[in-house]
Asks: 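Structure provided below as C-alpha coordinates; questions to follow.
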Amino acid sequence: LRNSFETKAVKQNINTVAMQPKVQASFKVAVLGAGGGIGQPLALLVKMSPLVGHLNLYDIANVKGVAADLSHCNTPSEVLPFTGPEQLGDALKGVDVVVIPAGVPRKPGMTRDDLFNINAGIVKTLVEAVADNCPDAFIHIISNPVNSTVPIAAEVLKQKGVYNPKKLFGVTTLDVVRANTFVAQKKGLRLIDVDVPVIGGHAGITILPLLSKTKPAVSFTNEEIKELTVRIQNAGTEVVEAKAGAGSATLSMAYAAARFVESSLRALDGDSDVYECSFVQSELSELPFFASRVKLGKNGIEAFVNSDLQGLTDYESAALEALKPELKSSIEKGVAFANKQP
Ligand code: NAD
Ligand code: LMR
(Lines give C-alpha, C1' and ligand atoms only; values in the text may rest on other atoms or scores of the structure.)
(Ligands and ions follow the chains in the order given, each with its own letter.)
Protein backbone atom coordinates (compact mmCIF):
# COMPACT_ATOMS: atom_id res chain seq x y z
CA LEU A 1 0.00 0.00 0.00
CA ARG A 2 2.66 2.45 1.10
CA ASN A 3 4.91 1.67 -1.84
CA SER A 4 2.21 2.20 -4.42
CA PHE A 5 1.38 5.60 -2.90
CA GLU A 6 5.02 6.65 -2.87
CA THR A 7 5.56 5.55 -6.44
CA LYS A 8 2.48 7.41 -7.56
CA ALA A 9 3.48 10.60 -5.73
CA VAL A 10 6.93 10.58 -7.28
CA LYS A 11 5.48 10.06 -10.74
CA GLN A 12 3.00 12.89 -10.31
CA ASN A 13 5.75 15.31 -9.33
CA ILE A 14 7.71 14.62 -12.48
CA ASN A 15 5.42 16.19 -15.00
CA THR A 16 6.58 14.69 -18.29
CA VAL A 17 4.75 12.50 -20.78
CA ALA A 18 7.43 9.82 -20.55
CA MET A 19 6.92 9.53 -16.81
CA GLN A 20 3.13 9.36 -16.85
CA PRO A 21 1.92 6.43 -14.75
CA LYS A 22 0.70 3.45 -16.74
CA VAL A 23 -3.06 3.17 -16.98
CA GLN A 24 -4.32 1.66 -13.75
CA ALA A 25 -7.41 -0.34 -13.02
CA SER A 26 -10.23 1.90 -11.96
CA PHE A 27 -12.44 0.18 -9.42
CA LYS A 28 -15.47 1.60 -7.65
CA VAL A 29 -15.49 1.44 -3.85
CA ALA A 30 -18.34 2.42 -1.51
CA VAL A 31 -17.98 3.11 2.22
CA LEU A 32 -21.23 2.89 4.21
CA GLY A 33 -20.83 4.82 7.46
CA ALA A 34 -18.26 7.09 5.82
CA GLY A 35 -18.84 10.06 8.13
CA GLY A 36 -17.80 8.17 11.27
CA GLY A 37 -14.65 7.60 13.26
CA ILE A 38 -13.51 4.74 11.02
CA GLY A 39 -15.26 5.93 7.87
CA GLN A 40 -13.40 9.24 7.51
CA PRO A 41 -9.78 8.04 7.79
CA LEU A 42 -10.71 4.93 5.79
CA ALA A 43 -12.10 7.12 3.02
CA LEU A 44 -8.85 9.12 3.03
CA LEU A 45 -6.73 5.98 2.72
CA VAL A 46 -8.93 4.57 -0.05
CA LYS A 47 -8.74 7.95 -1.83
CA MET A 48 -4.96 7.44 -1.92
CA SER A 49 -5.21 4.13 -3.77
CA PRO A 50 -4.16 4.23 -7.42
CA LEU A 51 -6.51 1.30 -8.07
CA VAL A 52 -9.66 3.30 -7.22
CA GLY A 53 -11.50 5.35 -9.87
CA HIS A 54 -14.69 6.12 -7.95
CA LEU A 55 -15.22 6.45 -4.22
CA ASN A 56 -18.82 6.67 -3.02
CA LEU A 57 -19.31 7.86 0.56
CA TYR A 58 -22.62 7.05 2.25
CA ASP A 59 -23.82 7.98 5.74
CA ILE A 60 -27.01 9.13 7.38
CA ALA A 61 -25.15 12.26 8.58
CA ASN A 62 -22.06 14.36 8.02
CA VAL A 63 -20.95 12.99 4.68
CA LYS A 64 -21.27 15.96 2.32
CA GLY A 65 -18.43 17.86 3.96
CA VAL A 66 -16.24 14.77 4.18
CA ALA A 67 -16.65 14.18 0.43
CA ALA A 68 -16.05 17.86 -0.46
CA ASP A 69 -12.91 17.86 1.67
CA LEU A 70 -11.52 14.61 0.25
CA SER A 71 -12.37 15.52 -3.33
CA HIS A 72 -9.64 18.20 -3.27
CA CYS A 73 -6.87 15.58 -2.92
CA ASN A 74 -5.13 15.24 -6.28
CA THR A 75 -5.39 11.46 -6.49
CA PRO A 76 -7.29 9.80 -9.34
CA SER A 77 -10.61 8.83 -7.78
CA GLU A 78 -13.79 10.86 -8.03
CA VAL A 79 -15.44 11.20 -4.61
CA LEU A 80 -19.23 11.52 -4.31
CA PRO A 81 -21.44 11.91 -1.22
CA PHE A 82 -24.71 10.03 -0.70
CA THR A 83 -26.95 10.52 2.29
CA GLY A 84 -30.25 9.19 3.52
CA PRO A 85 -31.97 5.93 2.56
CA GLU A 86 -33.25 7.44 -0.71
CA GLN A 87 -29.65 7.81 -2.00
CA LEU A 88 -28.34 4.47 -0.74
CA GLY A 89 -29.12 2.60 -3.98
CA ASP A 90 -27.25 5.16 -6.08
CA ALA A 91 -24.26 4.91 -3.74
CA LEU A 92 -24.05 1.19 -4.49
CA LYS A 93 -24.66 0.96 -8.25
CA GLY A 94 -21.70 -0.58 -10.09
CA VAL A 95 -19.60 -0.91 -6.95
CA ASP A 96 -16.80 -3.52 -6.86
CA VAL A 97 -16.04 -3.39 -3.13
CA VAL A 98 -18.43 -2.19 -0.42
CA VAL A 99 -17.09 -1.57 3.07
CA ILE A 100 -19.49 -1.32 6.02
CA PRO A 101 -18.27 0.43 9.19
CA ALA A 102 -21.75 1.85 9.97
CA GLY A 103 -22.99 1.42 13.51
CA VAL A 104 -22.27 2.31 17.12
CA PRO A 105 -18.93 1.62 18.84
CA ARG A 106 -18.29 0.33 22.38
CA LYS A 107 -17.84 2.36 25.54
CA PRO A 108 -15.81 1.11 28.53
CA GLY A 109 -17.48 -1.85 30.26
CA MET A 110 -19.31 -3.03 27.13
CA THR A 111 -18.73 -6.19 25.13
CA ARG A 112 -19.02 -6.19 21.36
CA ASP A 113 -22.19 -8.25 21.76
CA ASP A 114 -23.74 -5.33 23.68
CA LEU A 115 -23.81 -3.51 20.30
CA PHE A 116 -25.95 -6.24 18.73
CA ASN A 117 -29.36 -4.63 19.32
CA ILE A 118 -28.46 -1.48 17.37
CA ASN A 119 -25.94 -2.70 14.82
CA ALA A 120 -27.74 -5.89 13.73
CA GLY A 121 -30.57 -3.84 12.23
CA ILE A 122 -28.21 -1.34 10.60
CA VAL A 123 -26.20 -4.10 8.92
CA LYS A 124 -29.37 -5.92 7.81
CA THR A 125 -30.77 -2.79 6.13
CA LEU A 126 -27.50 -1.90 4.43
CA VAL A 127 -26.87 -5.43 3.15
CA GLU A 128 -30.42 -5.57 1.74
CA ALA A 129 -29.48 -2.53 -0.35
CA VAL A 130 -26.19 -4.16 -1.37
CA ALA A 131 -28.14 -7.24 -2.51
CA ASP A 132 -30.47 -5.06 -4.59
CA ASN A 133 -27.81 -2.84 -6.16
CA CYS A 134 -24.39 -4.53 -6.30
CA PRO A 135 -24.88 -8.23 -5.50
CA ASP A 136 -21.61 -9.14 -7.20
CA ALA A 137 -19.45 -6.86 -5.03
CA PHE A 138 -16.93 -7.95 -2.42
CA ILE A 139 -18.66 -7.09 0.89
CA HIS A 140 -16.45 -6.12 3.85
CA ILE A 141 -18.27 -6.08 7.21
CA ILE A 142 -16.58 -4.05 9.96
CA SER A 143 -19.61 -3.28 12.18
CA ASN A 144 -19.58 -5.18 15.47
CA PRO A 145 -20.27 -7.77 16.68
CA VAL A 146 -18.60 -9.18 13.54
CA ASN A 147 -19.20 -12.76 14.80
CA SER A 148 -22.94 -12.07 14.40
CA THR A 149 -23.14 -9.33 11.74
CA VAL A 150 -21.46 -11.50 9.08
CA PRO A 151 -24.00 -14.35 9.56
CA ILE A 152 -26.76 -11.71 9.41
CA ALA A 153 -25.38 -10.45 6.11
CA ALA A 154 -25.20 -14.01 4.75
CA GLU A 155 -28.85 -14.69 5.66
CA VAL A 156 -30.01 -11.41 4.09
CA LEU A 157 -28.14 -12.22 0.88
CA LYS A 158 -29.66 -15.74 0.88
CA GLN A 159 -33.16 -14.30 1.33
CA LYS A 160 -32.49 -12.07 -1.68
CA GLY A 161 -31.16 -15.05 -3.68
CA VAL A 162 -27.74 -13.50 -4.28
CA TYR A 163 -25.50 -15.00 -1.58
CA ASN A 164 -21.97 -15.72 -2.78
CA PRO A 165 -19.98 -16.99 0.24
CA LYS A 166 -16.75 -16.31 -1.63
CA LYS A 167 -17.43 -12.58 -1.54
CA LEU A 168 -18.66 -11.94 2.00
CA PHE A 169 -15.92 -11.02 4.48
CA GLY A 170 -15.83 -10.12 8.16
CA VAL A 171 -12.90 -7.74 8.53
CA THR A 172 -10.46 -9.20 11.07
CA THR A 173 -7.37 -7.56 9.58
CA LEU A 174 -6.93 -5.41 12.70
CA ASP A 175 -6.28 -8.55 14.74
CA VAL A 176 -3.45 -9.48 12.36
CA VAL A 177 -2.10 -5.91 12.34
CA ARG A 178 -2.03 -5.93 16.16
CA ALA A 179 -0.50 -9.41 16.38
CA ASN A 180 2.24 -8.41 13.93
CA THR A 181 2.97 -5.21 15.87
CA PHE A 182 3.04 -6.78 19.33
CA VAL A 183 5.14 -9.78 18.24
CA ALA A 184 7.65 -7.56 16.41
CA GLN A 185 7.98 -5.36 19.51
CA LYS A 186 8.34 -8.28 21.89
CA LYS A 187 10.92 -10.16 19.83
CA GLY A 188 12.81 -7.18 18.37
CA LEU A 189 11.92 -8.10 14.79
CA ARG A 190 11.56 -5.82 11.77
CA LEU A 191 7.83 -5.05 11.50
CA ILE A 192 7.76 -5.50 7.76
CA ASP A 193 8.91 -9.13 8.10
CA VAL A 194 6.37 -10.31 10.67
CA ASP A 195 3.19 -12.18 9.78
CA VAL A 196 0.99 -13.89 12.37
CA PRO A 197 -2.20 -15.67 11.23
CA VAL A 198 -5.18 -14.99 13.50
CA ILE A 199 -8.10 -17.44 13.37
CA GLY A 200 -11.52 -17.98 14.97
CA GLY A 201 -13.61 -14.83 15.25
CA HIS A 202 -13.43 -11.19 16.32
CA ALA A 203 -14.30 -10.90 20.02
CA GLY A 204 -12.38 -11.79 23.19
CA ILE A 205 -11.29 -15.42 23.32
CA THR A 206 -12.66 -16.10 19.83
CA ILE A 207 -9.62 -14.13 18.54
CA LEU A 208 -6.88 -16.76 18.36
CA PRO A 209 -3.42 -15.72 17.14
CA LEU A 210 -1.41 -18.72 15.95
CA LEU A 211 1.94 -17.65 17.34
CA SER A 212 3.49 -21.01 16.43
CA LYS A 213 2.87 -20.10 12.77
CA THR A 214 4.61 -16.71 13.01
CA LYS A 215 6.80 -15.84 10.07
CA PRO A 216 9.74 -15.54 10.37
CA ALA A 217 9.92 -18.63 12.62
CA VAL A 218 10.46 -17.45 16.16
CA SER A 219 10.35 -19.21 19.53
CA PHE A 220 8.35 -17.96 22.49
CA THR A 221 8.37 -18.95 26.14
CA ASN A 222 5.05 -20.18 27.59
CA GLU A 223 4.74 -16.86 29.45
CA GLU A 224 5.30 -14.87 26.26
CA ILE A 225 2.65 -16.91 24.43
CA LYS A 226 0.09 -16.33 27.16
CA GLU A 227 0.91 -12.62 27.50
CA LEU A 228 0.86 -11.95 23.74
CA THR A 229 -2.32 -13.97 23.15
CA VAL A 230 -4.22 -12.16 25.90
CA ARG A 231 -2.94 -8.75 24.72
CA ILE A 232 -4.05 -9.42 21.13
CA GLN A 233 -7.46 -10.66 22.36
CA ASN A 234 -7.94 -7.58 24.57
CA ALA A 235 -6.40 -4.99 22.25
CA GLY A 236 -9.79 -3.57 21.25
CA THR A 237 -10.68 -3.12 24.92
CA GLU A 238 -7.27 -1.51 25.52
CA VAL A 239 -8.23 1.21 23.02
CA VAL A 240 -11.82 1.52 24.30
CA GLU A 241 -10.49 2.13 27.83
CA ALA A 242 -7.82 4.59 26.67
CA LYS A 243 -10.47 6.57 24.76
CA ALA A 244 -12.55 6.59 27.95
CA GLY A 245 -16.03 6.87 26.42
CA ALA A 246 -15.06 8.51 23.11
CA GLY A 247 -15.38 5.27 21.12
CA SER A 248 -13.18 2.39 20.00
CA ALA A 249 -10.32 1.90 17.55
CA THR A 250 -10.79 4.12 14.51
CA LEU A 251 -7.37 5.01 13.09
CA SER A 252 -5.76 1.55 13.37
CA MET A 253 -9.05 0.11 12.11
CA ALA A 254 -9.07 2.44 9.12
CA TYR A 255 -5.48 1.39 8.38
CA ALA A 256 -6.42 -2.30 8.64
CA ALA A 257 -9.59 -1.88 6.55
CA ALA A 258 -7.67 0.02 3.87
CA ARG A 259 -5.18 -2.86 3.73
CA PHE A 260 -8.05 -5.31 3.23
CA VAL A 261 -9.61 -3.09 0.53
CA GLU A 262 -6.27 -2.79 -1.27
CA SER A 263 -5.77 -6.57 -1.09
CA SER A 264 -9.26 -7.11 -2.53
CA LEU A 265 -8.60 -4.64 -5.35
CA ARG A 266 -5.26 -6.26 -6.14
CA ALA A 267 -7.02 -9.63 -6.30
CA LEU A 268 -9.74 -8.19 -8.57
CA ASP A 269 -6.97 -6.71 -10.71
CA GLY A 270 -5.51 -10.18 -11.33
CA ASP A 271 -2.73 -10.38 -8.72
CA SER A 272 -2.41 -14.09 -7.97
CA ASP A 273 -0.53 -13.76 -4.69
CA VAL A 274 -3.00 -12.16 -2.25
CA TYR A 275 -3.61 -13.71 1.17
CA GLU A 276 -5.53 -12.20 4.10
CA CYS A 277 -7.18 -13.47 7.27
CA SER A 278 -10.95 -12.95 7.32
CA PHE A 279 -14.09 -14.23 9.07
CA VAL A 280 -15.91 -16.08 6.30
CA GLN A 281 -18.16 -19.04 5.58
CA SER A 282 -15.80 -21.94 6.07
CA GLU A 283 -15.40 -25.69 6.35
CA LEU A 284 -12.14 -25.51 8.27
CA SER A 285 -13.95 -26.20 11.56
CA GLU A 286 -17.39 -27.56 12.45
CA LEU A 287 -18.64 -23.95 12.69
CA PRO A 288 -20.31 -22.43 9.63
CA PHE A 289 -18.20 -19.24 9.84
CA PHE A 290 -14.58 -19.10 10.89
CA ALA A 291 -11.68 -16.68 10.49
CA SER A 292 -8.60 -18.01 8.78
CA ARG A 293 -6.16 -17.08 6.08
CA VAL A 294 -7.72 -17.19 2.63
CA LYS A 295 -6.35 -16.69 -0.87
CA LEU A 296 -8.16 -13.92 -2.73
CA GLY A 297 -8.73 -13.85 -6.47
CA LYS A 298 -10.96 -12.17 -9.04
CA ASN A 299 -13.96 -14.18 -7.87
CA GLY A 300 -13.36 -13.75 -4.15
CA ILE A 301 -12.04 -16.56 -1.97
CA GLU A 302 -10.02 -18.97 -4.13
CA ALA A 303 -8.66 -21.20 -1.37
CA PHE A 304 -8.41 -21.67 2.38
CA VAL A 305 -4.98 -21.99 3.96
CA ASN A 306 -5.68 -25.32 5.72
CA SER A 307 -2.06 -25.73 6.74
CA ASP A 308 -2.39 -23.01 9.40
CA LEU A 309 -4.66 -25.35 11.40
CA GLN A 310 -2.34 -28.32 11.17
CA GLY A 311 0.28 -29.01 13.83
CA LEU A 312 -1.13 -26.58 16.41
CA THR A 313 0.55 -26.46 19.81
CA ASP A 314 -1.33 -27.86 22.83
CA TYR A 315 -2.02 -24.27 23.95
CA GLU A 316 -3.49 -23.33 20.55
CA SER A 317 -5.53 -26.56 20.29
CA ALA A 318 -7.05 -25.98 23.73
CA ALA A 319 -7.77 -22.31 22.92
CA LEU A 320 -9.39 -23.36 19.63
CA GLU A 321 -11.73 -25.79 21.41
CA ALA A 322 -12.48 -23.19 24.10
CA LEU A 323 -13.55 -20.51 21.61
CA LYS A 324 -16.03 -22.69 19.71
CA PRO A 325 -19.08 -22.49 22.04
CA GLU A 326 -18.99 -18.66 22.18
CA LEU A 327 -18.42 -18.33 18.45
CA LYS A 328 -21.20 -20.85 17.70
CA SER A 329 -23.69 -18.97 19.85
CA SER A 330 -22.79 -15.58 18.29
CA ILE A 331 -23.25 -17.05 14.80
CA GLU A 332 -26.61 -18.57 15.77
CA LYS A 333 -27.75 -15.29 17.30
CA GLY A 334 -27.08 -13.52 13.99
CA VAL A 335 -28.83 -16.19 11.92
CA ALA A 336 -31.88 -16.13 14.23
CA PHE A 337 -32.09 -12.32 14.06
CA ALA A 338 -32.01 -12.30 10.26
CA ASN A 339 -34.70 -14.96 10.01
CA LYS A 340 -37.13 -13.69 12.65
CA GLN A 341 -40.47 -12.49 11.35
CA PRO A 342 -40.85 -8.69 11.41
P1 NAD B 1 -18.81 6.02 14.74
O2 NAD B 1 -19.99 6.18 15.62
O3 NAD B 1 -17.69 6.98 14.87
O4 NAD B 1 -19.26 6.00 13.23
C5 NAD B 1 -20.33 5.23 12.77
C6 NAD B 1 -20.95 5.93 11.61
O7 NAD B 1 -22.02 5.09 11.15
C8 NAD B 1 -21.56 7.30 11.94
O9 NAD B 1 -21.08 8.28 11.04
C10 NAD B 1 -23.05 7.08 11.77
O11 NAD B 1 -23.75 8.23 11.29
C12 NAD B 1 -23.06 5.97 10.75
N13 NAD B 1 -24.32 5.24 10.70
C14 NAD B 1 -25.13 4.84 11.71
N15 NAD B 1 -26.22 4.23 11.22
C16 NAD B 1 -26.09 4.22 9.89
C17 NAD B 1 -26.87 3.74 8.82
N18 NAD B 1 -28.05 3.14 9.03
N19 NAD B 1 -26.43 3.91 7.56
C20 NAD B 1 -25.25 4.50 7.33
N21 NAD B 1 -24.46 5.00 8.29
C22 NAD B 1 -24.88 4.86 9.54
O23 NAD B 1 -18.27 4.51 14.99
P24 NAD B 1 -16.86 3.90 14.52
O25 NAD B 1 -15.84 4.13 15.57
O26 NAD B 1 -16.59 4.33 13.12
O27 NAD B 1 -17.21 2.32 14.56
C28 NAD B 1 -18.13 1.78 13.68
C29 NAD B 1 -18.32 0.29 13.92
O30 NAD B 1 -17.11 -0.43 13.64
C31 NAD B 1 -18.68 -0.09 15.36
O32 NAD B 1 -19.70 -1.06 15.36
C33 NAD B 1 -17.40 -0.67 15.92
O34 NAD B 1 -17.62 -1.57 16.97
C35 NAD B 1 -16.85 -1.36 14.69
N36 NAD B 1 -15.41 -1.67 14.72
C37 NAD B 1 -15.02 -2.87 14.20
C38 NAD B 1 -13.69 -3.22 14.17
C39 NAD B 1 -13.24 -4.52 13.56
O40 NAD B 1 -12.10 -4.92 13.77
N41 NAD B 1 -14.06 -5.20 12.79
C42 NAD B 1 -12.72 -2.33 14.69
C43 NAD B 1 -13.16 -1.12 15.21
C44 NAD B 1 -14.51 -0.80 15.23
C1 LMR C 1 -11.56 -3.61 17.93
O2 LMR C 1 -11.10 -4.76 17.96
O3 LMR C 1 -10.86 -2.61 18.16
C4 LMR C 1 -12.98 -3.40 17.53
O5 LMR C 1 -13.68 -4.60 17.45
C6 LMR C 1 -13.69 -2.38 18.37
C7 LMR C 1 -13.94 -2.83 19.77
O8 LMR C 1 -15.08 -2.65 20.23
O9 LMR C 1 -13.02 -3.33 20.42
Side-chain angles (χ1 to χ4, degrees), residues 30-43 56-67 81-89 91-92 98-130 140-150 152-153 169-179 181 198 200-204 206-207 209 231-243 245-261 276-279 291 330:
V31 180
L32 312 184
I38 296 167
Q40 291 199 35
L42 171 59
N56 288 353
L57 304 183
Y58 175 80
D59 204 302
I60 50 172
N62 198 28
V63 78
K64 212 170 157 198
V66 174
F82 300 84
T83 192
E86 62 288 352
Q87 293 187 0
L88 179 55
L92 292 168
V98 52
V99 192
I100 308 186
V104 291
R106 284 199 285 162
K107 290 191 186 322
M110 293 171 77
T111 66
R112 291 177 182 81
D113 186 59
D114 291 334
L115 305 172
F116 186 98
N117 287 344
I118 298 178
N119 289 354
I122 292 173
V123 169
K124 183 168 182 283
T125 305
L126 293 175
V127 175
E128 280 166 356
V130 171
H140 296 183
I141 307 278
I142 295 173
S143 316
N144 270 316
V146 166
N147 292 354
S148 301
T149 52
V150 172
I152 290 171
F169 304 92
V171 181
T172 59
T173 323
L174 182 54
D175 300 314
V176 174
V177 163
R178 287 167 169 159
T181 303
V198 182
H202 178 70
T206 73
I207 299 167
R231 178 148 190 234
I232 294 159
Q233 290 173 334
N234 288 341
T237 306
E238 188 177 313
V239 178
V240 168
E241 284 170 359
K243 291 198 174 182
S248 55
T250 54
L251 303 174
S252 52
M253 181 61 237
Y255 169 81
R259 166 176 152 169
F260 197 63
V261 169
E276 288 286 356
C277 286
S278 182
F279 183 64
S330 299

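Hydrogens, waters and symmetry mates play no part in the numbers below; they use all other heavy atoms, side chains included. Both ligands and their constituent atoms are indexed starting at 1 by order of listing.
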Asks: Atom 43 (C) of ligand 1: which of A257, A249, A235 has the nearest heavy atom?
Replies: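 Of the listed residues, A249 has the closest heavy atom.
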
Asks: Strictly under 4.0 Å, does any heavy atom of G247 approach an atom of ligand 1?
Replies: no

Asks: Can you report which non-hydrogen protein atom sits closest to atom 38 (C) of ligand 1, along with the distance?
Replies: M253 SD, 3.4 Å

Asks: With a 4.0 Å cut-off on heavy atoms, is N62 in contact with ligand 1?
Replies: no

Asks: For the pair D59 (side chain) and T83 (backbone), establish whether a donor and an acceptor sit closer than 3.5 Å, ignoring hydrogens and angles.
Replies: no

Asks: Going by distance only, is there an N or O of S248 that falls short of 3.5 Å from an N or O of ligand 1?
Replies: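 No, no N or O pair falls under 3.5 Å.
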
Asks: Is it the case that ligand 1 has an N or O less than 3.5 angstrom from some N or O of G37?
Replies: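 Yes; the residue has a nitrogen or oxygen that sits under 3.5 Å from a nitrogen or oxygen of the ligand.
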
Asks: Of all residues at least two apart in sequence or in a different chain, which pass the salt bridge (charged side-chain N to carboxylate O under 4.0 Å, His left out) check with K243?
Replies: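 Testing K243 for salt bridge (charged side-chain N to carboxylate O under 4.0 Å, His left out), a comparison that skips the adjacent residues, returns none.
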
Asks: At what distance is the nearest protein heavy atom to atom 22 (C) of ligand 1, and which residue and atom is it?
Replies: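 So the nearest neighbour among protein heavy atoms is A102 CB, 3.6 Å.
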
Asks: Below 4.5 Å, heavy atoms only, C-beta onward: do V176 and E276 meet side chain to side chain?
Replies: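 No, side chains not in contact.
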
Asks: Judging by distance only, is a nitrogen or oxygen of A61 under 3.5 angstrom from one on ligand 1?
Replies: no

Asks: Checking S143 now: which residues fulfil side-chain contact (heavy atoms from CB on, under 4.5 Å) with it, not counting sequence neighbours?
Replies: I100, V123

Asks: Which residues pass the salt bridge (charged side-chain N to carboxylate O under 4.0 Å, His left out) test with E238, not counting sequence neighbours?
Replies: R231

Asks: Within ligand 1, which atoms have a heavy atom of V146 less than 4.0 Å away?
Replies: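 Those atoms are 41 (N).
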
Asks: Identify, by atom number and element, the atoms of ligand 1 in contact range of Y58, meaning under 4.0 Å from any of its heavy atoms.
Replies: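 Ligand 1 atoms under the 4.0 Å threshold to Y58: 19 (N), 20 (C).
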
Asks: How far is atom 28 (C) of ligand 1 from its nearest protein heavy atom, and which residue and atom is that?
Replies: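 Here the nearest protein heavy atom works out to P101 O, 3.0 Å.
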
Asks: Hey, is I122 touching ligand 1 through its side chain, its backbone, both or neither, going by heavy atoms under 4.0 Å?
Replies: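 Under 4.0 Å from ligand 1, I122 contributes side-chain atoms alone.
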
Asks: Give the C-alpha distance, both sets of side-chain angles, the deciding distance and a yes or no for side-chain contact (heavy atoms from CB on, under 4.5 Å) between L32 and L88.
Replies: CA-CA 9 Å; L32 312 184; L88 179 55; 4.2 Å; yes

Asks: Just to be sure I understand the cut-off, which residues have at least one non-hydrogen atom under 4.0 angstrom from an atom of ligand 2?
Replies: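 Residue list for ligand 2: R106, R112, N144, L174, R178, H202, G236, S248, A249.
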
Asks: Are T250 and ligand 1 in contact, using a heavy-atom cut-off of under 4.0 Å?
Replies: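 Distance cut 4.0 Å: T250 passes for ligand 1.
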
Asks: Just need the protein heavy atom nearest to atom 8 (C) of ligand 1, so name the residue and atom and give the distance.
Replies: D59 OD2, 3.6 Å

Asks: Do the side-chain N and O atoms of T206 and N147 include a donor-acceptor pair separated by under 3.5 angstrom?
Replies: yes

Asks: Atoms of ligand 1 less than 4.0 Å from N119 heavy atoms?
Replies: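 In order of numbering, the contacting atoms are 32 (O).
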
Asks: With heavy atoms of L115 as the reference, note each atom of ligand 1 found under 4.0 Å away.
Replies: 34 (O)

Asks: Would you call the rings of F169 and F260 parallel, tilted or perpendicular if under 30° counts as parallel and over 60° as perpendicular?
Replies: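 F169 vs F260 ring planes: perpendicular.
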
Asks: Are any side-chain N or O atoms of T149 and backbone N or O atoms of N144, one a donor and one an acceptor, separated by less than 3.5 Å?
Replies: no

Asks: Between N144 and ligand 1, does any nitrogen or oxygen pair lie at a separation below 3.5 Å?
Replies: yes

Asks: Counting only nitrogen or oxygen atoms and a 3.5 angstrom limit, does I38 reach ligand 1?
Replies: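 N/O-N/O distance below 3.5 Å exists for this pair.
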
Asks: Would R106 and T237 count as having a side-chain donor-acceptor pair, cut-off 3.5 Å?
Replies: yes

